[in-house]
Amino acid sequence: QVQLVESGGGLVQAGGSLRLSCVASGNIFNNNRMGWYRQAPGKQRELVTTITADGSTNYGDSVAGRFAISRDNGKNTVYLQMNSLKPEDTAVYYCNAFLRAAPYVLTYKDYWGQGTQVTVSS
């Protein structure tokens with residue numbers, strides 16, 4: 001069983017900053033990639049950013065240059081530093097991990113957290 005628990009969401013004014021954290025726990029053998037996705041009301045879930053175990057990152061166009069992802073492999077934790085927040089960043093942010101749960105599990109699988117609300121007021 002793999003669990004992802006997010007923290008750090010909340011309400012912030014436009015131009016402000018927030019830092020999200022996500023801890024993965026349980027049966028984790030190879031945590032290949034972690035990241036963040038978001039879903040605003042009435043919209044599809046979209047990529048925010050991902051980071052691989054060796055530190056390679058990928059950002060969605062709308063957040064590049066404002067958001068920064070990092071991870072602590074030893075703690076199976078990923079962080080999202082969000083700066084210069086805009087009202088359009090308002091969404092539920094979901095943590096994602098793409099991993100193998102055990103040595104005998106040969107395929108990688110996506111796991112998701114419950115989500116944390118980020119609201120940016122204008």
Task: Contacts of F98 that satisfy ring-ring contact (aromatic ring centres under 6.0 Å, His included) - sequence neighbours left out - done: Y108
Task: Side-chain heavy-atom pair V78, I51 within 4.5 angstrom cut-off - done: yes
Open item on the list: Other members of the hydrophobic cluster containing V5, with the 4.5 Å side-chain heavy-atom rule, please.
Closed with: none
Task: Heavy-atom side-chain contact between N76 and V23 under 4.5 Å - done: no
- [ ] Start with the C-alpha gap between L99 and N30, add the side-chain angles, then the distance that decides, and say whether side-chain contact (heavy atoms from CB on, under 4.5 Å) holds.
- [x] CA-CA 5 Å; L99 57 83; N30 187 328; 5.9 Å; no
Task: Pairing residues for Q39 by the side chain to side chain contact (heavy atoms under 4.5 Å, CB included) criterion, not counting sequence neighbours - done: R45, Y94
Task: Same apolar cluster: L4 and W36, side chain cutoff 4.5 Å - done: no
Task: CG/D61: more than 12 non-hydrogen atoms of other groups inside 6.0 Å - done: no
- [ ] With sequence neighbours excluded, give me every ring pair (Phe, Tyr, Trp, His ring centres under 6.0 Å) pair touching residues 43-82.
- [x] none
TODO: Not counting sequence neighbours, list each pair that qualifies as a disulfide (SG to SG under 2.5 Å) and has a residue in residues 85-122.
DONE: C22-C95
TODO: Return the set of residues passing side chain to side chain donor-acceptor pair (under 3.5 Å) with D89 (not counting sequence neighbours), or none when no residue passes.
DONE: R38, R66
TODO: Only counting residues at least two apart or in another chain, list the ones meeting ring-ring contact (aromatic ring centres under 6.0 Å, His included) with Y37.
DONE: W112
Open item on the list: Do Y93 and V48 have side chains that approach each other closer than 4.5 Å (heavy atoms only, starting at C-beta)?
Closed with: yes
Task: Results of side chain to side chain contact (heavy atoms under 4.5 Å, CB included) for K109 - residues two or more places apart only - done: Y111
Task: Counterpart residues, side chain to side chain donor-acceptor pair (under 3.5 Å), relative to S25 (two or more places apart) - done: none
Under 3.5 Å, which donor-acceptor pairs link side chains of residues 115-122 to any protein atom two or more places apart or in another chain?
{"unit_1": "T116", "atom_1": "OG1", "unit_2": "G9", "atom_2": "N", "d": "3.4"}
{"unit_1": "Q117", "atom_1": "NE2", "unit_2": "A91", "atom_2": "O", "d": "3.4"}
{"unit_1": "Q117", "atom_1": "NE2", "unit_2": "T119", "atom_2": "OG1", "d": "3.3"}

Open item on the list: Tell me every residue that passes side chain to side chain donor-acceptor pair (under 3.5 Å) with Q81, counting only those two or more places apart in sequence or in another chain.
Closed with: N83
- [ ] Tell me whether L47 is reachable from V92 by hopping between hydrophobic residues (I, L, V, M, F, W, Y) whose side-chain heavy atoms are closer than 4.5 Å.
- [x] yes
- [ ] Under the side chain to side chain donor-acceptor pair (under 3.5 Å) rule, collect the residues that match up with R71, sequence neighbours excluded.
- [x] N73
